[in-house]
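Have a look at the structure below before the remarks.
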Protein chains: 2
Amino acid sequence: MASARKREEWSELALGVLGEAGHRAGGARQAVVQLLAGEDCCLSAQEIAEGIRSGGDRVGTASVYRALDLLHRTGLVQRVELGDGGARYEALVPGGDHHHHVICDRCGRITPFEDPALERAIERLAGRLRHRVSGHDVVVRGLCPGCARTPRSRS
Amino acid sequence: MASARKREEWSELALGVLGEAGHRAGGARQAVVQLLAGEDCCLSAQEIAEGIRSGGDRVGTASVYRALDLLHRTGLVQRVELGDGGARYEALVPGGDHHHHVICDRCGRITPFEDPALERAIERLAGRLRHRVSGHDVVVRGLCPGCARTPRSRS
DNA sequence: GTTCCTGCAAAATTTTTGCATCAGT
DNA sequence: ACTGATGCAAAAATTTTGCAGGAAC
């Protein structure tokens, strides 16, 4: 798992990077950064907004999207789409784990995983492509252990 | 590239599979299957609907989504999300090429690629995961050759 | 004090649902 | 004929845009 320490550092890093880029640390941005720093897997924009509001702060949905967009463009946040029609976001911790996701076909639960061999394969692939590769995403689908144990047909 | 012959066969296969599963071959379904059979890379629901309409047939957007959903649940169509907030669909030809996509960071153009080594890595990974893996998607991002040649900053 | 950020509301997208009608078997 | 599929319209869900007021520097 990603260490709590590294995630805390990421919080400061993120605010620092934004500051140097000339962006102010307003309430919404700080709240989004702080909330993402406390999670170790991806959240939807909805969940992020609700998470902030449940902490007592009020935040506009638009501000959450704007903050996420900025963080994403700055390379501080990873945007992930897992096939449910919505995007998810997670902190991109430098030197932290680079992981991908398995999503359960039945219950939709998301589980992160790391795989160095897979990363190497993608790296080699990147050298072969004519694109100047900047990133990648892998999504694996399948029944999670719990759902596989009870293979009742989908209702 | 996927041969035109195989894609034509896929068209018949798809209708056959649906028929055996007790689904009728109505106008919308046939049109969606026929259109997908003629493409060798993914299309958005929007593009599919417009493609059918430009052929003279009238089709409801909802019917296109319903047809795509059915084809996807039946395993005849692959659903792909490339990070632009919308889903794309493409024929899943048995014995045909199994490919993934590179999407250009600047112009958004989608290019398919195949990589056996990557597939092997994912296969091995699947054996290591506790999930009963049913599928996977890989999306690579980066500047396409054309955009890399003219690296003006994003406006 | 200036400029950027924020919250709210409205708009734009994309996808789903309801329903009366029509078509496939 | 019976049943399921279709088109249209309305609704739902997600993301973006406009704008006046407020906060950061």
Side-chain angles (χ1 to χ4, degrees), chain A residues 14-35 42-74 76-77 79-89 108 154, chain B residues 14-35 42-74 76-77 79-89 108 154:
Chain A
L15 263 4
V17 169
L18 291 187
E20 284 181 30
H23 298 289
R24 297 173 183 170
R29 261 172 215 169
Q30 282 188 45
V32 168
V33 167
Q34 188 181 328
L35 193 130
C42 49
L43 295 176
S44 69
Q46 208 72 292
E47 291 167 335
I48 293 169
E50 283 168 20
I52 294 172
R53 292 191 191 111
S54 73
D57 303 304
R58 35 182 52 225
V59 69
T61 311
S63 299
V64 171
Y65 278 104
R66 282 188 276 236
L68 289 171
D69 181 47
L70 177 60
L71 289 163
H72 178 241
R73 276 185 287 119
T74 323
L76 290 159
V77 153
R79 190 175 187 278
V80 180
E81 287 191 21
L82 298 174
D84 56 352
R88 298 187 121 74
Y89 304 84
R154 61 183 60 203
Chain B
L15 264 3
V17 169
L18 292 187
E20 283 181 32
H23 297 290
R24 297 175 184 170
R29 260 172 217 168
Q30 283 189 43
V32 168
V33 167
Q34 188 182 329
L35 193 130
C42 50
L43 294 176
S44 70
Q46 207 73 289
E47 293 168 332
I48 293 169
E50 284 169 19
I52 294 172
R53 291 191 192 112
S54 73
D57 302 303
R58 33 182 51 225
V59 70
T61 311
S63 300
V64 171
Y65 277 104
R66 283 189 277 237
L68 289 171
D69 181 48
L70 177 61
L71 288 164
H72 177 241
R73 278 185 286 118
T74 322
L76 290 160
V77 153
R79 191 177 186 278
V80 179
E81 287 191 21
L82 298 173
D84 56 352
R88 298 187 122 73
Y89 303 84
R154 63 182 60 202

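These figures come from a predicted structure and were not determined experimentally. Protein chains get the first letters and strands the later ones, always in sequence-line order, with residue 1 at the start of each.
- No donor-acceptor contact under 3.5 angstrom links the side chains of A:Arg58 and A:Ser63, judged on distance only.
- One finds the CD1 atom of A:Ile52 at 10.0 Å from the OG1 atom of A:Thr61 (value rounded to the nearest 0.5 Å).
- Closest-nucleotide positions on DNA chain D for B:Ala67 and B:Gly85 were compared, and the one nearer the 5' end corresponds to B:Ala67.
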For this session: Test A:Leu76 against A:Leu18 for side-chain contact (heavy atoms from CB on, under 4.5 Å), laying out the working first.
Result: CA-CA 9 Å; A:Leu76 290 159; A:Leu18 291 187; 4.2 Å; yes
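- Heavy-atom distances to DNA chain C give each of B:Gln30 and B:Gly86 a nearest nucleotide, and the one nearer the 5′ end belongs to B:Gly86.
- Taking every side-chain heavy atom of A:Arg29 into account, C:dT6 is the closest of D:dT6, D:dT15, C:dT6.
- Remark: A:Ser63 is not in phosphate contact with C:dC5, judged by side-chain N or O atoms under 4.0 Å from OP1 or OP2.
- For B:Arg24 and D:dT3, a side-chain-to-base donor-acceptor distance below 3.5 Å is present, hydrogens and geometry of angles not being considered.
- The residue among A:Gly27 and A:Ala62 whose nearest nucleotide of DNA chain D lies closer to the 5′ end is A:Ala62.
- The shortest distance between the side-chain N/O atoms of A:Tyr65 and the OP1/OP2 oxygens of D:dT15 is below 4.0 Å.
- Put simply, the side chain of B:Arg79 never gets that close to the backbone of B:Ala87: no donor and acceptor are under 3.5 Å apart.
- You'll find a donor-acceptor pair under 3.5 Å spanning the side chain of B:Arg66 and the base of D:dG7, going by distance alone.
- OP1 and OP2 of C:dC4 both lie 4.0 Å or more from every side-chain N or O belonging to A:His23.
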